[in-house]
Amino acid sequence: MSQTHRTQGRQQQDGDYVRKSTMYMAVAVALIVGAFLGVQVASLYSPAPAQEKRAVSAPSQQAQNGAASQISPDVMGRILEMEQAVLKDPNDVTAWTKLGHLYFDTDQPKKAIPAYEKSLALKPDDPDVLTDLAVMYREDHQHDRALATFEKAIAINPKHQIARFNKGIVLYFDLERKDDAMKAWRELLAINPDAKAPNGQPLKEMMQSLQQQNK
């Protein structure tokens, strides 16, 4: 996620890619998505091969219950373990963060959000947790809060490439502030000129294609 390798066990950089790595590799999921040239493009850089895309529609309670019913027994066991851990010690920031990650990886944004918020209440200004929280806000269609949270992560760590990329996604696809999105991506390119989209396409080419599409 940041310059470190898999901070908080969630995300990492690898060469020219800014990649999302799951805490438990068997539960890898795409993060936020945006329509790009008729193709859904995961908005966070994901491990190769690209993971399955999420639906863009707002997650209903039924949908989240459906996601929960598909969780493997092993992962459910880890969720229950972390839920018990935070009940036993509500000030355990690591347990809250891990619980947020597990909800994140099992497509449960409405549960991930309060877990991450509690983690940040105990340990403020963690740019990695802020970025994951922002993704969950976006999944819950809280686009303004997602944008503000990405911006907070960037203010804390200006080289946070995933936060910068996703800031552009929210601006472009959700808030339709296309010029601001292009600016956000240009700022990312200033940090990493070789940044690539999740499908391996150079970010520069993606931006050019989007600009041509809008002519």
Side-chain angles (χ1 to χ4, degrees), residues 1-2 10-21 28-60 63 104 107 109 113 127-128 130-215:
M1 172 183 280
S2 64
R10 288 285 316 151
Q11 297 168 0
Q12 69 183 38
Q13 291 184 22
D14 183 15
D16 296 337
Y17 288 85
V18 186
R19 308 196 317 169
K20 171 238 176 203
S21 296
V29 294
L31 304 189
I32 59 180
V33 294
F36 172 54
L37 297 181
V39 178
Q40 294 292 346
V41 178
S43 65
L44 290 193
Y45 297 94
S46 305
Q51 304 300 324
E52 291 298 321
K53 303 174 288 295
R54 286 186 181 175
V56 179
S57 57
S60 63
F104 181 116
D107 296 303
I113 287 169
D128 302 307
L130 282 165
T131 298
D132 287 338
L133 173 60
V135 173
M136 293 292 93
Y137 281 145
R138 199 273 183 173
E139 285 287 285
D140 199 39
H141 283 227
Q142 300 185 53
H143 300 138
D144 289 330
R145 294 189 75 178
L147 176 61
T149 307
F150 284 131
E151 289 178 336
K152 185 174 182 180
I154 293 166
I156 296 168
N157 179 5
K159 294 184 178 180
H160 206 296
Q161 297 183 46
I162 291 177
R164 287 186 178 278
F165 185 88
N166 284 286
K167 175 183 175 180
I169 290 292
V170 172
L171 285 166
Y172 195 96
F173 294 106
D174 299 322
L175 301 178
E176 297 187 356
R177 291 165 52 185
K178 293 180 170 54
D179 290 342
D180 290 337
M182 291 296 170
K183 179 181 177 182
W185 288 328
R186 285 194 295 269
E187 290 171 350
L188 169 55
L189 290 171
I191 296 170
N192 179 8
D194 297 317
K196 296 178 182 177
N199 62 357
Q201 182 183 34
L203 177 57
K204 292 177 183 177
E205 290 184 8
M206 188 190 89
M207 293 170 63
Q208 290 170 356
S209 297
L210 288 171
Q211 288 172 326
Q212 291 173 1
Q213 191 180 32
N214 289 323
K215 288 183 178 180

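The first residue of the sequence shown is numbered 1, and numbering continues consecutively from there.
By the 6.0 Å contact criterion, CG on Asn214 is enclosed, its count of non-hydrogen atoms from other residues, nucleotides or ligands being greater than 12.
Atom CD1 of Ile162 is separated from atom CD1 of Ile169 by 12.5 Å, given to the nearest 0.5 angstrom. Rounding to the nearest 0.5 Å places CG of Leu203 at 10.0 Å from CD of Gln161. Summarising the geometry, atom NZ belonging to Lys204 is positioned 6.5 Å from atom CG belonging to Asp194; distances are rounded to the nearest 0.5 Å. Expressed to the nearest 0.5 Å, how far CE of Met136 lies from OG1 of Thr131 amounts to 12.0 Å.
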### Task
For side chain to side chain contact (heavy atoms under 4.5 Å, CB included), just list the numbers for Asp128 and His160, CA-CA rounded to whole Å, side-chain angles, deciding distance to a tenth of an Å, and then say yes or no.
CA-CA 8 Å; Asp128 302 307; His160 206 296; 3.1 Å; yes

Can you give the donor-acceptor pairs under 3.5 Å from side chains of residues 182-189 to other protein atoms, not counting sequence neighbours?
from, atom 1, to, atom 2, distance (Å)
Trp185, NE1, Phe165, O, 3.1
Glu187, OE1, Arg164, NH1, 3.3

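Taking each heavy atom of Ile191 and Pro158 in turn, the nearest pair found is CD1-O, 3.3 Å. Taking all atoms of both residues into account, the shortest heavy-atom contact from Ala153 to Pro127 is CB-O, 3.6 Å. When all heavy atoms of Asp140 and Ile113 are compared, the closest pair comes out as CB-CD1, 3.9 Å. The two atoms that bring Leu210 and Phe173 nearest to each other are CD2-CZ, 4.5 Å, heavy atoms only.
Each of Glu139, Arg138, His141 was checked for a side-chain contact (heavy atoms from CB on, under 4.5 Å) with Pro109, and the lone residue meeting it is Glu139.
For the pair Lys178 and Tyr172, the cation-pi criterion (under 6.0 Å, within 45° of the ring axis) is fulfilled.
The shortest side-chain heavy-atom distance between Phe150 and Val135 falls under the 4.5 Å cut-off. The side-chain heavy atoms of Asp180 and Lys167, taken from C-beta on, include no pair separated by under 4.5 Å. Side chains of Asp144 and Leu175 form a contact here, defined as non-hydrogen atoms less than 4.5 Å apart.
Put simply, the side chain of Asn157 gets close to the backbone of Lys159: a donor and an acceptor are under 3.5 Å apart.
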